[in-house]
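Report on one structure; see the data block that follows.
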Amino acid sequence: MTQAREAILLVGGKGTRLRPLTVHTPKPMVPAAGVPFLTHQLARARAAGVEHVVLATSYLAEVFEPYFGDGSKLGLHIEYVTELEPLGTGGAIRNVASRLGSGADEPVLVFNGDILTGLDIQALVATHTASGADVSLHLTRVEDPRAFGLVPTDGTGRVTAFLEKPETPEQIVTDQINAGAYIFRRSVIDTIPVGRPVSVERETFPGLLASGAHLQGMVDSTYWLDLGTPRAFVRGSADLVLGRAPSPAVPGRCGEQLVLPTASVAADAKLTGGTVVGEGARIGAGARITGSAVLAGAVIEPGAVITDSLVGAGARIGSRTVVDDAVVGDGARVGADNELRGGMRVWCGTVLPDAAVRFSSDA
Ligand code: GTP
């Protein structure tokens with residue numbers, strides 16, 4: 001069996017609702033390269049042979065279903081399951097087990113909703129099948145593993161431990177971390193306890209290891225980005241537009257810019273670095289936009305300079321205003337001659353008058 005026909009996509013949790021990028025829209029639905037972020041992962045799963053996806057969420061299921069419906073537009077059959085209380089990653093997986101039609105030994109893809117990756121899903125299934133593992137994990141290598149749980153493997157790729165975040169240099173025994181995509185043997189899902197929160201990383205995987213189960217790691221050093229921060233989200237969108245992060249769902253050709261239908265861009269405006277301009281947005285004369293996402297209906301007035309930033313739906317950026325590494329929420333109005341930098345977030349609907357904030361000196 002070299003294909004997983006079914007997948008569970010995890011898009012819930014406690015923090016997700018509290019950390020929306022543009023307030024009105026939960027993160028998985030914020031457009032990245034022109035379409036809600038989740039679309040990229042769903043399209044990649046489809047391209048790898050997945051037919052049926054169960055979307056496991058603990059909040060706001062009502063925003064997913066109206067957009068993705070039964071999944072047929074993506075060639076998928078999508079079902080939605082909402083937890084009453086967040087069940088954790090393992091609990092969420094167990095909670096949707098009854099929706100799966102796969103046989104006991106068949107592979108089921110499970111993936112985190114907040115990761116953008118070029119993982120070769122079929123290679124992970126092939127590794128899983130060839131090794132006879134109970135669960136196989138996509139592992140990625142990071143330069144600084146201190147912020148992550150570590151997953152060392154032996155010479156054959158078999159996982160030997162799940163280690164909490166290292167606190168001393170001696171504890172950094174590997175640079176491999178859990179990249180948030182797994183193949184479960186279907187029957188293993190049924191062994192997760194029902195009806196209470198369970199963490200796969202802290203409970204399920206260590207428990208399986210302790211009981212002698214075979215957990216296989218596959219290091220795939222392809223594109224991988226955790227979209228946990230607004231900055232990372234903007235980076236991910238730009239990388240999708242540039243084609244660095246591969247996705248069949250990018251609505252257009254990859255390159256320096258992606259301008260969606262009905263957007264208008266002044267002839268001398270300059271869009272580079274994977275900038276996306278959403279439907280109905282307007283970019284004024286002489287504006288320079290690099291590596292940024294300008295969402296639907298936003299207006300960038302002449303001479304504004306936007307870099308590595310997100311401008312929310314219907315927001316307006318005044319003339320000559322500089323926005324660098326910042327997020328401007330939906331419907332906010334930033335007047336002319338402002339300077340927003342350094343991770344600043346302007347809340348949805350906020351109005352900033354002309355020349356209200358700046359970073360550089362007054363000279
Ligand atoms: P635990 O392993 O359960 O402790 O979660 P975590 O906090 O380590 O997970 P993380 O925040 O890394 O989330 C991984 C993915 O699982 C993300 O896509 C989350 O949206 C999703 N997720 C986390 N917790 C839950 C949950 O309680 N329910 C559901 N449906 N998804 C979750």
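Indexing begins at 1, ligand by ligand and atom by atom, following the structure's order. The figures here come from the full heavy-atom set of this structure, side chains too, leaving out hydrogens, waters and symmetry mates. Worth saying up front: this structure is predicted, and the values here are computed from it rather than measured.
Set against the non-hydrogen atoms of P86, the atoms of ligand 1 under 4.0 Å away are 27 (O). Close contacts of ligand 1 with T57, meaning ligand atoms under 4.0 Å from a residue heavy atom, involve 30 (N). Atoms of ligand 1 lying under 4.0 Å from at least one heavy atom of G88, given by number and element, are 3 (O), 25 (C), 26 (C), 27 (O), 28 (N). Within ligand 1, counting atoms from 1 as listed, the ones closer than 4.0 Å to a heavy atom of R202 are 1 (P), 4 (O). Taking every non-hydrogen atom of A92 and a distance limit under 4.0 Å, the qualifying atoms of ligand 1 come out as 28 (N), 29 (C), 30 (N).
Geometrically, ligand 1 and E201 share no nitrogen or oxygen pair separated by less than 3.5 Å. Backbone and side-chain nitrogen or oxygen atoms of G90 are examined, and none is located within less than 3.5 angstrom of a nitrogen or oxygen of ligand 1.
At a 4.0 Å heavy-atom cut-off, ligand 1 touches D114 through backbone and side chain alike.
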**OP:** Report the C-alpha distance between T272 and T290 in whole Å, list the side-chain angles of each, state the deciding distance to 0.1 Å, and finish with yes or no for side chain to side chain donor-acceptor pair (under 3.5 Å).
**Re:** CA-CA 5 Å; T272 53; T290 305; 3.3 Å; yes
Original post:
Can you check side chain to side chain donor-acceptor pair (under 3.5 Å) on Q176 and T153, steps first, answer last?
Top reply: CA-CA 9 Å; Q176 297 173 180; T153 47; 3.1 Å; yes
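Residue V63 is grouped with residue I78 when hydrophobic side chains (ILVMFWY) are merged at heavy-atom distances under 4.5 angstrom, including chains of intermediate members. If you chain together hydrophobic residues whose side chains sit under 4.5 Å apart, F148 and L119 never meet in one group.
Residues L137 and F205 form a side-chain contact, since some pair of their non-hydrogen atoms from C-beta on lies under 4.5 Å apart.
Here the side chain of R44 pairs a donor or acceptor atom with the backbone of T117 at under 3.5 angstrom.
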